[in-house]
Amino acid sequence: MDEKDRNRLIKRGVAEIIVESEFVELLDTGKPLRLKIGFDPSAPDIHVGHAVPLRKLRQLQDLGHKVVLIVGDWTAQIGDPSGKSQTRPMLTQAEVMANAETYMAQFFKIVDREKTETRFQSDWFGPFTLADVIKLTSRFTVAQFLAREDFSKRYKANQPIAITELLYPLLQAYDSIAVKSDVEFGGTDQKFNILVGRDLQGMMGHRPQHCFLMPLLPGTDGVQKMSKSLNNYIGITEPANDIYGKTMALPDSMVLAYLENVTDVPDDELDEMKRATESQTGDPMELKKRLARELVTQFHDADAAKTAEQHFERTVQRRETPEDIPAFELSTGAELNSKRLSDILVNAGLASSSAEAKRLIDQGAVRVNDEPVNANVAASTLESGAVLRAGRRRFVRLV
RNA sequence: GGAGGGGUGGGUGAGUGGUUAAUACCACCAGACUGUAAAUCUGGCGCCCGGAAGGGCUACGUAGGUUCGAAUCCUACCCCCUCCA
């Protein structure tokens, strides 16, 4: 591996490697490594933020290394202490399996299934006894765990910390023992947990794993990290138009970070983009379109990217009506006569309640055949074939 | 076990008997502007009925109660935090 490739591997889209020099040495031995990554089967939607570590795994797989995917069916019941976590509802075995399958279907859109070993925590935690738990917990102190930022912050702010939450890093650490991992992957927020695994391995006579920490991608709001619960995410299974549209709605300041971390735009091209952005000689919208195309191509294909771009240019930039819009069947006769525009908006899914529909009408967001409609007219005035629009991007063709 | 503080809309957080569907900020939605975005400005932001005017219902941890009227008072319960043990 030449210098350039190696740099790309250990620098781009990587926040920190612990210990980097040792990891590089290990890599150079050519020995196939066991790359650990885990997930909790509680919220199985993978978004572009998750793609950062997954893409890195893929790169390493392509060099001959093996991914060990851990289904956290025990840790899912605790919930990773993110600061707001509540005791989570226990998942049934069936729910765990269903979630795991949903997750893996997405996971393997990025990671190579052939070079992946999937393991369930219950394999080793199922037979765990209280004696094992005590032995495990006795290796660490409360002070060590309070060093973790989440915990210390909450502790100082008089917010509850459940004892089970303290167990979370321990379980995750023990996973590393169980699967004999050489390297563990995660976001920078996983630093503490992964290091506990490294420590535990050392204590138990295993070779300590290296920690591969990836940056947390900011969400579409440009401020907080991307997450489903903040609704600032781009899901990798979302329709092409949505991926494209959400990308275009990103603040300009996010574009380079996304290009660097979740696309394969060549390094020198990326450098050129950075220069152009800094000197303000580039075209920010073109750059963002490039990103949007890259993402759609990655999670769908190049054709879908082209179509999505055309759709965006037509509907958002030129505010025209797109070509293929969902049809909504108007009822007929007496039933129709008793309804009004607001009812149709709700039934067609353009508004979530009739109160919202009326608000949209009042605010001039509703158009019929591109003509604003400012009154809640009778539904009978609507003709089939007409295009009903609410806001920028919600359309329906009446039939 | 004891003493004290607290639970309000997606979030933070006002509100101590009526003009409170509930201040403010954030988030969100729509409109204007625009290069997509950001910024800015304007409006909105529980649900239902009604063309509208307006009306009704539900909501302030849970369940009861007092009152013409309760997020606000009372009782019980649940949960959280702090200090003491």
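Keep in mind that this is a model prediction, so the values were computed, not measured. Every chain is numbered from 1 and lettered A, B, ... according to where its sequence line falls, protein lines coming before strand lines.
- Among the nucleotides B/A52, B/A37, B/C45, the one closest to any side-chain atom of A/N376 is B/A52.
- To the nearest whole angstrom, the two P atoms, one in B/G13 and one in B/G6, are 14 Å apart.
- Cation-pi geometry between A/R148 and A/F151 is met: the NZ or CZ atom falls under 6.0 Å from the ring centre, inside 45° of the normal.
- Ionic pairing of A/D267 and A/K4 is not present here: no N-O contact between side-chain nitrogen and carboxylate oxygen is shorter than 4.0 angstrom.
- Following rounding to the nearest Å, A/Q310 (CD) and B/U36 (P) show an atom-to-atom distance of 18 Å.
- The distance from atom CE of A/M226 to atom C1' of B/A27 is 17 Å, rounded to the nearest whole Å.
- Between A/R293 and A/E309 there is a salt bridge, since at least one side-chain N of the basic residue sits less than 4.0 Å from a carboxylate O of the acidic one.
- In this structure, A/E278 does not pair ionically with A/R275, as no charged nitrogen and carboxylate oxygen lie closer than 4.0 Å.
- Distance check on atom C1': B/G7 versus B/G61 gives 6 Å, rounded to whole Å.
- For the pair A/L345 CG and B/G51 P, the interatomic distance rounds to 15 Å; values are reported in whole Å.
- Using a cutoff of 4.0 Å between basic side-chain nitrogens and carboxylate oxygens, A/E269 and A/R290 are scored as salt-bridged.
- Between A/D264 and A/R8 there is a salt bridge, since a side-chain N of the basic residue sits under 4.0 Å from a carboxylate O of the acidic one.
- Between the CD atom of A/Q224 and the P atom of B/G10 there is a distance of 17 Å, rounded to whole Å.
- Annotation: B/A70 and B/U16 have their C1' atoms spaced 10 Å apart (nearest Å).
- In this model, the phosphate group of B/C49 is approached by a side-chain N or O of A/S354 to a distance below 4.0 Å at OP1 or OP2.
- Between A/K339 atom NZ and B/C48 atom P the separation is 14 Å, expressed in whole Å.
- Separation of the A/Y174 and A/F125 ring centroids falls under the 6.0 Å cut-off.
- If you look at A/F39 and A/F107, their ring centroids are not closer than 6.0 Å.
- Panel note: side chain A/K288, backbone A/L250; a donor-acceptor pair is recorded below 3.5 Å.
- Where A/L250 and A/D343 each meet RNA chain B at their nearest nucleotide, the meeting point lying more 5' is that of A/L250.
- With salt bridges taken as basic N to acidic carboxylate O contacts below 4.0 Å, one links A/D182 and A/R207.
- Taking atom C1' in both B/G9 and B/A24, one finds a spacing of 14 Å when rounded to whole Å.
- Atom-to-atom, NZ of A/K358 to C1' of B/G43 comes out at 19 Å; the value is rounded to the nearest Å.
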Side chain to side chain donor-acceptor pair (under 3.5 Å) evaluation trace for A/Q172 with A/E184
CA-CA 10 Å; A/Q172 184 172 336; A/E184 178 163 356; 2.9 Å; yes
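- Across every strand in view, B/G4 sits in a pair with B/C81 that passes the Watson-Crick or G-U test at under 3.5 angstrom.
- RNA chain B is contacted by A/P284, A/M285, A/K288 of residues 270-305 of chain A, taking any non-hydrogen atom closer than 4.0 Å.
- Rounded to whole Å, the separation between the P atoms of B/A85 and B/C80 comes to 22 Å.
- With salt bridges taken as basic N to acidic carboxylate O contacts below 4.0 Å, none links A/K358 and A/D362.
- Taking atom CG of A/N347 as the reference point, atom P of B/C48 lies 11 Å away to the nearest angstrom.
- To the nearest whole angstrom, the two P atoms, one in B/U72 and one in B/G1, are 28 Å apart.
- We find that CG of A/N374 is positioned 14 Å from C1' of B/G51, with the value rounded to whole Å.
- Between A/R359 and the phosphate of B/C47, there is a side-chain N or O to OP1/OP2 separation shorter than 4.0 Å.
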Is there any protein nitrogen or oxygen under 3.5 Å from a nitrogen or oxygen in nucleotides 29-32 of chain B, and what are the pairs?
from  : atom 1 : to     : atom 2 : distance (Å)
B/A30 : OP1    : A/R394 : NH2    : 3.2
B/A32 : OP2    : A/R319 : NH1    : 3.4

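- Remark: the separation of the P atoms in B/U62 and B/G4 is 25 Å, to the nearest Å.
- A side-chain donor-acceptor contact under 3.5 Å links A/Y168 and A/D40.
- Across all strands shown, B/A30 forms a Watson-Crick or G-U wobble pair with B/U42, both key distances being under 3.5 Å.
- Within a heavy-atom distance below 4.0 Å of RNA chain B, the residues of residues 237-249 of chain A found are A/M248, A/A249.
- As rounded to the nearest Å, B/G46 and B/G10 have P atoms that lie 11 Å from one another.
- Nucleotide B/G18: paired with B/C68 (Watson-Crick or G-U wobble, both distances less than 3.5 Å).
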